[in-house]
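The residues of the chain are indexed from 1 along the displayed sequence. Computed from a prediction, not measured in an experiment: that's the story for all the values here.
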Amino acid sequence: MMNWTRTADAQSRSRGTMTRCFTALIGCWIAFFVSVARAAEKAPLVEGRQGMVVSVNPEASDVGLEILKSGGNAVDATVATALALAVTFPEAGNIGGGGFSMIYPGLGREPVCVEYRETAPAVCQADTFLKMTAQTGSKTAGVPGTVRGLALAHAKFGTKPWRELVLPAVKLARAGFLIDAVLASGLNSMNRSSKEFAEFVRVYSKPDGRDWKAGDRLVQPDLAATLQRLADEGPDAFYKGHIAQQIVDEMRASGGFITLDDLANYQAQVRAPIHGTYRGYDVYGPPPPSSGGTVVVEVLNILEQFDLSKSDRYSPETLHLIVEATKRAYCDRAKYIGDPAFTEIPPHLVSKDYAKKLAAGIKLDRATPSEQLAPEIELTPEGESTTHFSFVDKNGMAVSNTYTLQNSYGSRVVVRGAGFLLNNEMTDFNWRPGKTTRAGRIGTAANLVAPGKRMLSSQSPTLVLKAGKLALVTGSPGGRTIPNTVSSVVLGVTEFGLDVRAAVDAPRWHHQWFPDRVSFERADDPRYAESLQKLRMWGHDVATKGGTQGDAHSIIVKDGLLQGAADARRTVGKAAVY
Ligand code: DON
């Protein structure tokens with residue numbers, strides 16, 4: 001094991017700064033406790049023993065909780081909450097997108113991943129998007145996977161009738177629900193910037209033509225009718241029935257690619273998760289076509305080679321190692337990961353031996369320039385929505401689910417008369433073959449467009465077990481930042497001993513190989529004071545831009561006690577419990 005604190009350089013560094021640090025530390029910790037207390041005021045740590053649902057939206061959490069209370073299991077609750085979010089959180093909740101569901105069936109059973117990533121329509125080829133710049137519109141929509149994915153999880157693990165799980169969403173769409181200030185302002189700004197998407201504006205405008213405000217009721221009759229069909233006819237209504245026809249009619253009208261055959265051929269998959277270990281914990285994440293599980297496990301494997309406990313989470317040494325590990329894992333993401341049906345992905349990416357080799361290449365006081373990590377990739381000059389929710393039921397079954405429309409409100413294409421948004425997930429493919437840029441565009445072969453191919457994802461719904469027992473359920477939105485947000489929560493709980501509230505609230509980091517730059521959430525946090533200066537001295541390009549990263553609604557389990565934290569970064573969310 002390598003240990004940076006054993007080096008003479010590190011020892012003299014720590015002696016020299018001890019006195020200054022002591023005074024600074026007291027100030028930092030006061031500020032830290034004040035800020036944690038403030039966050040906790042807004043978003044509490046919630047406890048219970050029977051069952052818990054944590055999501056971005058109170059109505060959707062309550063829908064899942066009611067399913068648990070009435071005898072449904074965690075998968076039943078996931079289906080009901082996912083469909084409720086398609087009504088109450090239209091920026092990311094969806095039936096027109098796709099995602100990944102990590103399911104822990106209960107004590108002694110292996111977690112599985114139900115993967116329902118979107119696919120490229122059959123007509124799409126590697127050069128289809130070569131000249132395209134628009135990130136919205138029908139052409140950016142992949143074949144949706146959400147309904148097949150929820151149905152597959154339900155068929156394998158569910159206990160309640162499908163219809164019973166869909167009806168709460170029908171009710172929310174038909175009777176409407178009271179919107180909060182975040183949704184009101186999101187709808188207002190989207191309506192203003194979506195003039196070319198007439199159906200979007202028709203469906204999401206306030207009937208009296210004014211701006212939405214908190215407390216207004218959003219009623220979605222078309223969506224209610226679509227969901228009612230799903231309740232009555234099952235998922236085939238979406239892929240082979242009336243809804244499929246509505247999607248294809250929309251494609252014809254607005255120039256999209258999806259056909260009836262694309263929809264009829266779509267299949268969700270049950271896949272073996274990526275499984276890693278970190279200091280005695282078992283970590284399970286989604287396999288390709290998501291890079292999430294691989295990146296999280298690769299980062300943890302590299303960090304396990306160092307003794308992080310010898311220094312503070314916010315010390316320059318710890319942050320340096322985290323950034324260097326992250327950069328290497330994201331480089332491998334770009335080099336190797338894509339749809340496994342089309343791309344051979346080397347299994348060693350998540351091996352401990354490989355992590356040792358990568359760790360040995362990390363200089364303890366110098367950033368490795370990103371381009372040195374992949375000299376074979378030619379760099380050319382350069383000319384965010386998703387939501388995560390977590391469940392645990394009274395029998396210890398757990399689900400960690402992330403699903404997405406890609407950008408907020410996806411392609412902005414609402415299927416005419418059907419009331420739901422289509423994703424713009426085709427933008428997750430590498431559109432320009434061979435063009436990888438320092439600014440972060442990736443053009444590697446693993447993730448080029450091909451007919452029927454699944455686009456590379458970063459979604460990382462994660463389950464952590466200790467001695468065979470469930471310990472943590474987490475995940476996040478945030479595009480390429482997702483694996484870093486998840487690593488931050490996992491390390492917070494497993495390495496730094498934080499409770500779930502503190503692990504979720506802790507400021508996060510992001511480096512994604514290119515651009516070769518690290519950003520820190522709340523970089524003005526006093527705990528970073530000396531560290532960022534040191535990181536710059538060691539050659540890191542440190543960005544101090546504001547903004548928040550991710551939205552990690554998480555649950556930890558300790559001796560049978562469930563502790564949940566809704567992430568307050570986007571809305572207050574809700575950890576619903578009984
Ligand atoms: O699958 C992915 O990695 C992206 N489509 C996720 C996009 C996302 O998280 C945007 N949300 N904030």
Side-chain angles (χ1 to χ4, degrees), residues 50-55 60-61 63-65 67-68 71-85 98-117 145-160 162 165 235 267-276 281-290 292-294 296-297 386-404 457 459-466 468-476 482 486 490 552-557 562 564:
Q50 302 265 30
M52 186 177 275
V53 179
V54 195
S55 88
S61 292
V63 162
L65 187 70
I67 297 293
L68 293 182
N73 67 15
V75 168
D76 293 324
T78 301
V79 173
T81 295
L83 294 171
L85 282 168
F100 297 81
S101 202
M102 291 291 304
I103 300 171
Y104 173 58
L107 208 57
R109 296 176 65 189
E110 275 296 296
V112 296
C113 176
V114 172
E115 176 263 297
Y116 51 99
R117 185 65 163 161
T146 295
V147 174
R148 277 274 182 252
L150 297 178
L152 179 59
H154 177 255
K156 274 195 81 66
F157 296 103
T159 56
K160 284 199 170 252
W162 168 261
L165 306 176
Q267 289 193 333
Q269 308 278 347
V270 176
R271 295 186 190 266
I274 296 290
H275 176 200
Y281 288 88
D282 287 277
V283 179
Y284 296 88
S290 181
T294 305
V296 170
V297 167
T386 305
T387 190
H388 173 82
F389 30 107
S390 297
F391 304 77
V392 179
D393 70 19
K394 64 180 189 304
N395 297 317
M397 178 184 267
V399 179
S400 178
N401 189 97
T402 311
Y403 73 166
T404 183
S457 173
Q459 290 168 78
S460 316
T462 298
L463 298 166
V464 179
L465 276 64
K466 180 96 194 254
K469 288 191 183 147
L470 185 67
L472 169 67
V473 185
T474 191
S476 178
I482 294 173
V486 169
V490 172
H553 303 290
S554 307
I555 302 173
I556 63 173
V557 189
L562 309 176

Whether Thr474 side chain and Val486 backbone form a donor-acceptor pair below 3.5 Å
no
Grab the two heavy atoms, one from Ser460 and one from Ile482, that are nearest each other, plus how far apart they are.
OG-CG2, 3.5 Å
According to ring-ring contact (aromatic ring centres under 6.0 Å, His included), who are the partners of Tyr116, at least two apart in sequence or on a separate chain?
none
Candidates Val79, Val75, Leu150 - the one meeting side chain to side chain contact (heavy atoms under 4.5 Å, CB included) with Leu165:
Val79
Within-4.5 Å side-chain heavy-atom neighbours: Pro289 and Gln269:
no
Would you say Ser400 and His388 make side-chain contact, with heavy atoms under 4.5 Å?
yes
Side chains of Ile274 and Pro288: does their closest heavy-atom pair fall under 4.5 Å?
yes
Over all heavy atoms of both residues, which pair between Val54 and Gly564 is shortest? Give the atoms and the distance, please.
CG2-CA, 4.4 Å
Of all heavy-atom pairs linking Met102 and Gly285, the shortest is SD-C, 3.7 Å
Is any side-chain heavy atom of Glu115 closer than 4.5 Å to a side-chain heavy atom of Pro286?
no
Test your reading of the model: is there a side-chain donor-acceptor pair from Thr146 to the backbone of Gly98, 3.5 Å cut-off?
yes
Are any of the side-chain heavy atoms of Tyr403 and Leu85 separated by less than 4.5 Å?
yes
Check whether any side-chain N or O of Ser290 sits under 3.5 Å from a backbone N or O of Gln459 as a donor-acceptor pair, and report yes or no.
yes
Using distance alone, with no hydrogens and no angle criterion, decide if Ser390 and Ser554 have a side-chain donor and acceptor under 3.5 Å apart.
no
Could I get the full list of salt bridge (charged side-chain N to carboxylate O under 4.0 Å, His left out) partners for Lys160, not counting sequence neighbours?
Glu164
May I ask you to decide if Leu463's main-chain N or O and Tyr104's side chain share a donor-acceptor pair within less than 3.5 Å?
no
Any donor-acceptor pair under 3.5 Å linking the side chain of Thr81 with the backbone of Ala60?
yes
How long is the span from the CG atom in Asp76 to the OG1 atom in Thr159, to the nearest 0.5 Å?
3.5 Å
If you count the non-hydrogen atoms of other residues, nucleotides and ligands that lie under 6.0 Å from CD in Gln50, is the total more than 12?
yes
Just do the side chain to side chain contact (heavy atoms under 4.5 Å, CB included) check on Thr404 and Arg117 with the steps written out, would you?
CA-CA 9 Å; Thr404 183; Arg117 185 65 163 161; 4.1 Å; yes
Val53 side chain near Phe389 side chain, heavy-atom distance below 4.5 Å
no
Which residues pass the ring-ring contact (aromatic ring centres under 6.0 Å, His included) test with Phe100, sequence neighbours left out?
none
With the side chain counted from C-beta on, respond yes when Ser55 and Thr387 share a heavy-atom pair under 4.5 Å apart, and no when they do not.
no
Whether the side chain of His275 engages the backbone of Val283 through a donor-acceptor N/O pair (distance < 3.5 Å, no angle test) should be reported.
no
Val112 and Phe157, any side-chain heavy atoms less than 4.5 Å apart:
yes
Has Asp393 got a side-chain atom pairing as donor or acceptor with Asn395's backbone, closer than 3.5 angstrom?
yes
Atom of Ala77, atom of Gly64 and distance for their closest heavy-atom approach
CB-O, 3.6 Å
Using 0.5 Å steps for rounding, measure from the CD1 atom of Ile103 to the CG atom of Leu152.
8.0 Å
